[in-house]
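Nothing fancy with the numbering, it's 1 onward along the sequence.
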Amino acid sequence: MTDQTNLFATAQQQLDEAASVIALDAAAHQLLRWPLRELHVTLPVKMDNGTTQIFHGFRVQHNDARGPNKGGIRFHPDETIDTIRALAAWMTWKTALLDIPLGGGKGGIICNPKTMSSGELERLSRAYIRQLGSFLGPDKDIPAPDVYTSPQIMAWMLDEYSTMQGKNKFGVITGKPLALGGSAGRGDATARGGIFCIREAADTLGLNLAGARAAIQGYGNAGSFAHKLCVELLGMKVVALSDSKGSIYNPEGFLYPALLAHKQQTGSVTGFPGAEVISDSELLKLEVTVLFPAALESVITAKNAPDIRAKIIAELANGATTPEADTILHHNGVYLIPDLLCNAGGVTVSWFEMVQNAYGYYWQEEEVHQHLEKKMKAAFHSMQQAAQTRKVHNRMAAYIVAIERVAEAMKLRGWY
Ligand code: NAD
């Protein structure tokens, strides 16, 4: 793997650049470059055909100076410890930027969930929790769903953990089904948080969003809700969409219910009646007001950044833009809402879920939206203020706010 695709190298480079701008204490900097703890686990799982298959997994706790570690669990055949390290570090920065009293964690299992039965997935999920049990807890480390893990998987994990503890521990995991202590409003929280940021960015830039054009790369949880809420809350036209099978374009804009029904029936956005087929790279270069990368890492690079014509990039995907591309976009006047802020709605509502679990009282969806909007706006303006004061681009500003908060907590705790 080259440094360009090694996400942990990217995360360390981003930290190094921000640390140099704020002249961060050398010991604090070194401490923040690495996870505080990592656990590698080996999991024997009985498969439906009677054999036992051995899986490998990880849990990384990057930094818990401000509170227990928080972060999702991914099931993916190409999972690597470095991807998990980068994502755990980004969780530390995200929770600090949002001023949530949590740290940063992430976990993963190398497996292909698409080829596994429900029973095999349940046994794998329970085996992971049995190995990690002493590493987790509402005041230690709280997992959540991520790539290819679901509320059902969270329910199995919660059950295994509670069985090990001999009591119900709903707060050990978030993204649970509503019937098991999940929060209203978690489903669309990531996209909704991004939409709140776009509204603030448009105000800052003096842009009118009503009728303006948007393009979305990726049509999973983040991308499909971004489509819905772009239309419903911002009155925008979503003119281009994509998923792993291809990209489509319609200058009149795609209607959300029709597109969703098509995706549910056919498994893809491609082949939607009346849509023009475009390439993935054309989608990224369209002249739109908002471009949402909502699929993969490292899609905006030094190669295509000079051709990006969007006014705002709303990074719902983690790690969508490389550090070299950041500089180019900033130079070209593209307003970037970085992943640390743009997709933090998910972890923010996860924190609301923990709060509701802790006091055993559950909020209405409207209340969740209101609390989320307040947190997202506050974080947006902290970033904006740091960008102006320090004269840096938004990602650097977001890093600076987050690093200063984590460094202050580490200093107060006597870690350096
Ligand atoms: P998902 O698995 O639900 O959806 C991913 C989508 O990307 C799918 O539609 C897939 O077809 C599409 N895709 C894959 N390869 C593609 C390609 N080459 N071109 C275009 N589309 C492609 O995942 P998600 O939960 O929506 O997450 C998407 C991104 O958002 C990830 O980076 C994830 O880390 C980030 N994120 C998600 C959440 C959340 O709450 N869902 C929270 C924070 C960050």
Side-chain angles (χ1 to χ4, degrees), residues 66-74 87 90-106 138 141-147 149-155 157-158 170-200 220-226 228-230 232-233 292 294 314-318 337-380 382 402:
R66 289 173 39 88
N69 302 283
K70 181 89 191 86
I73 297 171
R74 297 154 54 103
L87 290 162
W90 287 331
M91 287 302 291
T92 301
W93 310 134
K94 228 175 267 189
T95 51
L97 177 64
L98 269 289
D99 205 9
I100 293 171
L102 295 169
K106 208 76 173 189
D141 187 353
I142 307 101
D146 205 293
V147 173
T149 51
S150 60
Q152 173 61 74
I153 289 176
M154 298 305 110
M157 290 183 170
L158 162 71
F170 282 7
V172 71
I173 209 153
T174 61
K176 302 180 290 288
L178 282 179
L180 283 178
S183 176
R186 177 63 185 86
D188 70 11
T190 300
R192 190 175 288 272
I195 296 285
F196 290 144
C197 293
I198 291 167
R199 212 148 49 189
E200 297 305 300
N221 174 286
S224 63
F225 279 121
K228 178 174 190 273
L229 298 175
C230 242
E232 280 179 10
L233 299 184
F292 291 91
E315 279 186 339
L316 289 177
N318 282 311
I337 307 174
D339 48 3
L340 294 187
L341 172 65
C342 194
N343 69 28
V347 67
T348 304
V349 175
S350 273
W351 172 53
F352 297 160
E353 183 174 330
M354 289 172 65
V355 170
Q356 294 168 81
N357 293 154
Y359 64 61
Y361 176 79
Y362 290 83
W363 306 344
Q364 297 296 311
E365 190 164 352
E366 196 47 41
E367 207 174 343
V368 173
H369 294 167
Q370 284 164 8
H371 284 292
L372 176 62
E373 183 166 13
K374 214 165 138 190
K375 287 304 274 179
M376 297 304 302
K377 273 188 179 171
F380 178 91
S382 308

Worksheet item: Given side chains that start at C-beta, do those of Leu372 and Arg192 come closer than 4.5 Å, heavy atoms only?
Response: yes
Worksheet item: How close do Ser224 and Gly220 get, heavy atom to heavy atom, and via which atoms?
Response: OG-O, 2.6 Å
Response to the item:
When every non-hydrogen atom of Ala155 is compared with those of Leu180, the smallest separation belongs to CB-CD1, 3.6 Å
Fill in: Verdict with supporting geometry, Met354 and Leu102, side chain to side chain contact (heavy atoms under 4.5 Å, CB included)
CA-CA 11 Å; Met354 289 172 65; Leu102 295 169; 3.9 Å; yes
Worksheet, complete the sentence: Heavy-atom nearest pair, Ile142 first then Gly171, reads CG2-O, 3.5 Å
Practice prompt. Answer yes or no: is there a donor N or O on one side and an acceptor on the other, between the side chain of Lys70 and the main chain of Gly104, under 3.5 Å?
Written response: no
Discussion item. Any non-hydrogen side-chain atom of Val172 less than 4.5 Å from a side-chain atom of Leu158?
Written reply: yes
Discussion item. Once rounded to the nearest 0.5 Å, what's the spacing between atom CG of Leu98 and atom CG of Leu340?
Written reply: 9.5 Å
Discussion item. Using modelled atom types and a 3.5 Å cut-off, is there a donor and acceptor pairing between side-chain atoms of Asn221 and backbone atoms of Asp188?
Written reply: no
Discussion item. So does Asp339 get a backbone contact from the side chain of Glu315, meaning a donor-acceptor N/O pair under 3.5 Å?
Written reply: yes
Worksheet entry | Check: His371 and Lys375 side chains under 4.5 Å, non-hydrogen atoms | no
Worksheet item: Do Val355 and Trp351 have side chains that get closer than 4.5 Å, going by heavy atoms?
Response: yes
Practice prompt. Might you point out which heavy atoms bring Arg199 and Leu233 nearest each other, and give the distance in Å?
Written response: NH1-O, 3.9 Å
Fill in: Ion pair check, Asp99 and Arg66, cut-off under 4.0 Å
yes
Worksheet, complete the sentence: Between Pro68 and Pro101 the two heavy atoms that sit nearest each other are CD-O, 3.8 Å
Discussion item. Could you check whether any side-chain N or O of Glu353 sits under 3.5 Å from a backbone N or O of Gly175, counting only pairs where one atom can act as donor and the other as acceptor?
Written reply: yes
Worksheet item: Short question: side chain of Ser350, backbone of Thr174 - any donor-acceptor pair under 3.5 Å?
Response: no
Item to complete: Kindly compute the distance separating OG1 (Thr190) from CZ (Phe225), expressed to the nearest 0.5 Å.
Response: 9.5 Å
Fill in: Ala226: side chain to side chain contact (heavy atoms under 4.5 Å, CB included) partners, not counting sequence neighbours
Ala191, Ile216, Phe292, Leu316
Worksheet item: Between Lys106 and Asn318, is any side-chain donor less than 3.5 angstrom from a side-chain acceptor?
Response: no
Item to complete: Report the C-alpha distance between Ile337 and Glu200 in whole Å, list the side-chain angles of each, state the deciding distance to 0.1 Å, and finish with yes or no for side chain to side chain contact (heavy atoms under 4.5 Å, CB included).
Response: CA-CA 10 Å; Ile337 307 174; Glu200 297 305 300; over 6 Å; no
Worksheet item: So which heavy atom on Cys197 is nearest to which on Met376, and how close?
Response: SG-CE, 3.6 Å
Fill in: Stepwise side chain to side chain contact (heavy atoms under 4.5 Å, CB included) check, Glu373 with His369
CA-CA 6 Å; Glu373 183 166 13; His369 294 167; over 6 Å; no
Discussion item. Within this structure, what is the CG-CE distance for the pair Asp146 and Met91, rounded to the nearest 0.5 Å?
Written reply: 8.5 Å
Worksheet entry | Any residue meeting side chain to side chain contact (heavy atoms under 4.5 Å, CB included) with Pro145, in chain and number order, not counting sequence neighbours | Thr149, Met154
Worksheet, complete the sentence: NZ (Lys176) and CZ (Arg186) are apart, to the nearest 0.5 Å, by 11.0 Å
Worksheet, complete the sentence: Value for CG (Leu178) from OG (Ser183), rounded to nearest 0.5 Å, stands at 7.5 Å
Discussion item. Quick check on Tyr359: does its OH atom have over 12 non-hydrogen neighbours (other residues, nucleotides or ligands) under 6.0 Å away?
Written reply: yes
Worksheet item: Would you say the side-chain atoms of Gln356 pair up with the backbone N or O of Phe352, donor to acceptor, closer than 3.5 Å?
Response: yes
Discussion item. Measuring from atom CH2 of Trp90 to atom OG1 of Thr95, what distance do you get when rounded to the nearest 0.5 angstrom?
Written reply: 14.5 Å
